[in-house]
Amino acid sequence: MSERDIQETTGRLLEKWDREPVNLLQILIALQQSLHHIPDQAVDLLSSTLNISQASIEGVIGFYSFLHTSPRGEYDILFSDNIIDQMLGSRSLATQLAERLCTNPGDTRCDKQISLDYTSCTGMGDQGPAALINGYPLTSLTPERIDRITALVEMEVPVTEWPEELFHVSNNIRRRDLLLDSDLPPGRAIESALTQGAGRLLDSLGNAGLRGRGGAGFKTADKWRFCLQTDQEQRVVVCNADEGEPGTFKDRVLLQSYADRLFEGMTLCAAVVGAQKGFLYLRGEYLYLQEPLEQELEQRRSNGLLGQAILGREGFDFDITIHLGAGAYICGEESALIESLEGKRGIPRIRPPFPVTHGYLGYPTVVNNVETFIAAAMIAVYGADWFRAKGTEASTGTKLLSISGDCQRPGIYEYPFGVTLSEILHDCGAEETQAVQIAGPAGHWVAPEEFHRTIAFEDLATGGSFMIFNRSRSLLEAVNNFTNFFVHESCGFCTPCRVGTTLLKKLLNKILNTHATRKDMESIETIGTLMQETSHCGLGQTAANPILTSMKKFPLIYKSRLRTTSFEPAFDLDASLEEARLATGRDDPGAHLKRGGV
Ligand SMILES: Cc1cc2nc3c(=O)[nH]c(=O)nc-3n(C[C@H](O)[C@H](O)[C@H](O)COP(=O)(O)O)c2cc1C
Ligand code: SF4
């Protein structure tokens with residue numbers, strides 16, 4: 001690509017994104033898609049036009065795993081490295097493809113034709129093994145499909161001309177309840193809000209007992225009320241469609257087939273809190289959904305359900321922009337997501353203040369999960385009693401679960417809260433189940449003697465991930481996968497998480513290699529507890545969960561690998577942290593153990 005082409009592409013993208021510094025990340029993502037990397041000349045031009053230092057731009061590029069300063073191959077293939085994809089054979093398929101194309105995972109071939117690597121979960125656990133090619137999902141991979149892909153690459157067929165079936169994404173909805181089984185005519189929820197007024201609508205959401213579906217379970221009515229009560233003129237509504245928790249894919253299905261309900265819920269929220277601006281933060285792995293979602297937005301604009309004077313109401317102006325993520329799990333954390341929306345690295349903010357009073361560009365901002373907005377829209381139409389009729393006293397309504405792993409019918413199941421694990425396992429055809437991992441790596445292991453327990457905020461809370469492991473599986477391998485995930489995804493901002501995740505990985509390796517002793521298990525507990533108590537955000541606070549909960553629930557998988565000696569040094573602790581220091585660009589005394597670190 002000539003210098004002139006680079007200038008032209010960058011100039012065009014700057015124009016498209018209004019030369020606004022907050023749109024930096026969106027411009028970088030588009031450059032990566034067009035040029036297969038972000039060249040120095042583009043960085044220069046962005047820096048001078050947006051008035052952002054080159055170092056800051058390079059910092060943003062370095063933060064997101066889908067952005068690169070050196071060219072990726074014409075065919076850029078990333079295999080999903082979720083444990084479920086691994087169980088379905090992703091590693092051997094990646095090796096097969098690498099051998100066929102004379103490259104290695106992690107490499108870009110010298111002729112720049114192909115890059116091959118692994119990435120965190122791509123959200124296709126129900127139809128893996130999965131991969132992304134130039135950002136688009138390849139599903140249900142088999143050795144035969146790998147051969148077809150090899151041929152297409154060798155014949156240099158553009159990805160846009162590849163057979164559609166390679167990219168087919170199924171919804172796999174296996175059980176419907178309140179949300180998926182009822183109609184929601186476009187505009188009805190907004191109309192209801194406009195007729196009832198904000199106060200009554202908030203009362204209705206409160207009476208319904210709706211709590212956030214993204215994991216934390218904050219009461220939705222309270223969040224919207226806090227935003228409404230702020231004294232600023234401008235307010236913002238953000239839908240968190242980052243869905244990065246490995247094993248979760250229910251938002252993918254909602255975005256693919258229920259997007260109109262989501263936009264209805266976001267517009268309802270805007271009507272209640274008085275917002276003018278909305279964002280859908282769409283994870284980069286769901287790039288294939290961007291175009292259909294844009295079309296859905298356009299449709300709503302032409303039907304008077306978005307834009308100026310919505311439903312003919314003078315002064316009710318609200319619109320939604322889609323912003324893409326670029327492969328950073330931490331951007332699902334709401335304050336990191338807002339940083340990312342502002343075009344920056346997704347480092348979680350110090351809270352308080354919370355986004356609901358100081359969010360996007362300092363404006364009061366409501367951030368909710370996809371499923372939460374849809375539930376709010378349904379409650380606005382069908383009422384609080386309709387919603388409360390399902391679920392438990394403390395967890396009203398239903399929950400969408402993304403079920404994957406060792407079962408005959410993986411997919412989306414909508415259950416009333418209070419459903420037992422046994423019932424779920426029966427419905428999806430799971431047999432000989434050794435363990436279930438609820439709520440993804442950040443969640444908890446559940447052993448068979450607890451399968452009477454329920455999905456509910458007061459018992460087993462989950463954002464939606466439900467991964468099943470039968471007796472043939474090595475749970476330690478799964479714990480290892482989750483632990484590596486957190487090392488990769490830690491943003492490096494605070495010491496307990498940056499250092500702790502690396503230490504846990506090293507100690508776990510020691511266990512896997514049968515070099516660990518009881519002392520190492522104690523170290524894991526100490527480090528894990530420290531991380532839970534002192535990490536800056538939810539990622540670090542939960543990163544030790546896979547090890548700690550498996551040590552508690554499945555002590556034998558550890559004990560059988562321990563040495564009987566009381567201590568065996570495994571590594572130079574400080575030297576072992578060099579990787580983490582390099583990754584985060586830190587070498588100050590606080591980043592060293594010997595010189596006063598943790
Ligand atoms: C590391 C991390 C990742 C998260 N990822 C997501 C996500 O992908 N989607 C989501 O809705 N919430 C995610 N959350 C929770 C959000 O911070 C926030 O609580 C949620 O979007 C609020 O919406 P809700 O009240 O509707 O659940 C994450 C939190 C943490 C700490
Ligand atoms: S806990 Fe981890 S992810 Fe969160 S701010 Fe600290 S380093 Fe970043």
Side-chain angles (χ1 to χ4, degrees), residues 63 120-121 123 205 210-224 226-227 237-252 254-255 262 265-266 269 280-283 285-286 325 328-340 345-351 354-356 359 365-376 399-400 402 439-443 457 461-465 485-502 530-545 580 583-584 586 591:
F63 185 84
S120 298
C121 178
L205 285 185
L210 176 62
R211 296 171 64 172
R213 274 23 184 179
F218 195 83
K219 288 182 182 156
T220 307
D222 288 353
K223 189 182 279 189
W224 292 16
F226 292 147
C227 186
V237 173
V238 175
C239 174
N240 187 343
D242 198 47
E243 191 158 66
E245 195 70 51
T248 318
F249 43 84
K250 50 111 187 160
D251 290 342
R252 180 200 85 211
L254 294 175
L255 292 160
L262 163 65
M266 291 176 71
C269 178
L280 172 67
Y281 188 91
L282 182 67
R283 72 184 307 223
E285 290 82 347
Y286 294 168
Y329 163 67
I330 188 58
C331 290
E333 194 281 335
E334 59 184 8
S335 68
L337 183 149
I338 289 170
E339 288 285 298
S340 183
R345 300 186 304 155
I347 306 276
R349 291 179 178 174
I350 291 165
R351 302 181 303 165
F354 291 95
V356 76
T365 302
V366 168
V367 182
N368 275 130
N369 176 255
V370 179
E371 189 181 345
T372 314
F373 278 120
I374 293 181
K399 183 78 196 84
L400 265 67
S402 317
F457 289 107
T462 173
S465 172
F485 167 76
F486 285 119
V487 173
H488 186 254
E489 299 296 340
S490 167
C491 80
F493 171 75
C494 68
T495 311
C497 172
R498 185 186 64 250
V499 174
T501 48
T502 305
L530 190 81
M531 288 169 67
Q532 286 174 336
E533 288 169 357
T534 59
S535 291
H536 173 61
C537 84
L539 188 151
Q541 288 155 12
T542 55
N545 283 355
T584 55
R586 284 194 55 175

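Both counts, for ligands and for their atoms, begin at 1 and track the order of listing. Since we're looking at a predicted model, the values are computed, not measured.
- The shortest heavy-atom contact between T501 and S490 is OG1-CB, 4.2 Å.
- With Y286 as the aromatic partner, R283 meets the cation-pi criteria of under 6.0 angstrom to the ring centre and within 45 degrees of the ring axis.
- Excluding waters, the set of protein N, O or S atoms lying under 2.8 Å from atom 4 (Fe) of ligand 2 comprises C537 SG.
- Here the closest non-hydrogen pair linking D242 and A328 is OD2-O, 3.7 Å.
- In plain terms, the two heavy atoms of E334 and V367 that are nearest each other are OE1-CB, 3.8 Å.
- Within 4.0 Å of ligand 1, protein heavy atoms belong to G212, R213, G214, K223, N240, D242, E243, G244, Y329, G332, E333, E334, V367, N368, N369, T372, G538, L539, listed by chain and number.
- Judged by distance alone, the side chain of S535 and the main-chain N or O of C537 form no donor-acceptor pair under 3.5 Å.
- In this structure the side chain of N369 reaches within 4.5 angstrom of the side chain of K250, judged on heavy atoms.
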Steps toward side chain to side chain contact (heavy atoms under 4.5 Å, CB included) verdict (L539, C491): CA-CA 9 Å; L539 188 151; C491 80; over 6 Å; no
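- The two residues C269 and V366 make their nearest non-hydrogen contact at SG-CG1, 3.9 Å.
- The one candidate from E489, E245, E243 that meets the side chain to side chain donor-acceptor pair (under 3.5 Å) condition with Y329 is E245.
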